[in-house]
Amino acid sequence: MTSRAFLAATAALLMLTGCFQEDLPEQNLDGSIVIPASMVSSPGEIGPVYIGIYEAFDPHQLGYPYPATAPRVGDNPIGDALPYGGTSVGDFAYGCYLLLRCQVVSGRFSSLDDLLEQHPLDNADGDPVTAEELFDQCTYYYGWNNITEFAFIGDEQLDFSENEDGDWEAEFRAWHARVPEGALLWAFADNDNTSCSVDRGQINRKRPEDGIFFREGAHFQDILNFPDKYITSGDFIVEDPTVLEADRLDGYEVRLDYTFE
Amino acid sequence: MNTRLLLPLTAALALTACDLNPRPLLQNYDPESGGLFTAEVDDLDLSDNAPTVDGTLFIGSLGASEVGSGTHSGATFTFEGTGDRVCIIVDPQSVWRDDLQASGGGESANPYMDDYPHDDGDLDLSAGLASFYTGTPGVEIGDFFGSFPDGNGVDRAIDLNLCLMQDTHGSTGGTAGRATPEWCDFETEPGTTYMGVLTVFSVPVDDDRLRFALDVRSGACPPSINECTLQGDYDELAEELPSGFDNVEEQYCANYDG
């Protein structure tokens, strides 16, 4: 092939990529969640926040703000909420100690001291674990040698920041979701980590050395479908869902200002 | 330029010399005719001992699904709701276990043992209101998926399968793997017709037939179900078994403590 022919073929290929348009109905939806400062004093108190895009709202079925659901099937106490899509702000991270399994949420702590203040635990001698001990344990467990390597610690990883009203605000992106006009953004914050299963997640990385088997813990799979299974006392809920507008994919705000009792 | 053209041409010609018939690799390959078996869909309601609630144990066998077209083999049966829970258990045969039993627990002469765990069949169990079933008994295997346009004009899918099993992580929607029993129980409305569906995903390669035992009983399923809960899902063997056992499953279960 001559160089001229090669160049022509390459140019044609490049032009083709510019014409490619899938016209998929799924879109990315951007927005922010807001938790009033009166509800928490620090982001460390906020569990993972699950944000879903739902067909409609039904505050009467369960007696608290909740999406409308499909018909009940089988032994489920209520029907599937059938979200169009959704995401979470924060995810469960294994905190290097078994006692911290399903306790630590990513994007909440800027330092190990902050984490231990929120989740204090004792070492084998019955003394409180220090930041140095936690660092050493994480170095052993994950192989991290510098605090910048910690996947769930650091100022740059914090999800929440104070907005101009003094409330806690975090951005979210719901990837590849159906976003029909009139659909609702609804969310809840699982502050006591009910949505984490100790039977899920990665098998412990030091299994051969420690001689025990456990999983690191991870969220259940049906949280956006059946949020009622995971909403417990002290969780924050959106009381007034945000309505999606036609042809608008960003700038939405969702306020979690209802506390489930 | 000529060399660059000749090399790919030579490679392409060499590849054609390696052409093989892939059909024998398919589970529904018929070695006698060289063709492919079509999917086998049985309507168990037409059998002499059709499954009913608290009826007799049903023993049957099914052929391979058509992998290429995605057409499943399988079977369906109906039963009337009792107004209480109804339990369905299906146990597909376990060829590897049967081979071990036949060989006295040591080395097996069966060449298919080399393929373990690929020599066992697998079928999945589902059930629901007969009116929601999308297949045609005796003709085509279906499911219990439905769809509806929601309030925002979006077409939504909903699974109305009532036979829900938990996976090993405790999440609803699991299915058992090869040669492993599946079961479920659910509330039924009295006098309402329900449909049970067995969908074949693979069959043992020794004879391309998957035997199974099926039971429908009133009430909740027992807390523990294993290979010996239902018996009869085994191949007849020509050789004699030790200790006077009639079949490999009986021999296995005689010493099985659950």
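Order of the sequence lines sets the chain letters (A, B, ...), proteins ahead of strands, with each chain counted from 1.
By the neighbour-count criterion of 12 heavy atoms within 6.0 Å, atom CD of B/E189 is sparsely surrounded, having that number or fewer from other residues, nucleotides or ligands. Surrounding CD of A/E171 are at most 12 heavy atoms belonging to other residues, nucleotides or ligands under 6.0 Å away.
Judged purely by distance below 3.5 Å, without hydrogens or angles, the side chains of B/N152 and A/Y54 never pair a donor atom with an acceptor atom.
We find the CG-CZ distance between B/D155 and A/R178 to be 8.0 Å, quoted to the nearest 0.5 Å.
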Steps toward side chain to side chain contact (heavy atoms under 4.5 Å, CB included) verdict (A/V73, B/D159): CA-CA 8 Å; A/V73 177; B/D159 187 1; over 6 Å; no

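Here the side chains of A/P71 and B/L160 are not in contact, with every heavy-atom distance at 4.5 Å or above.
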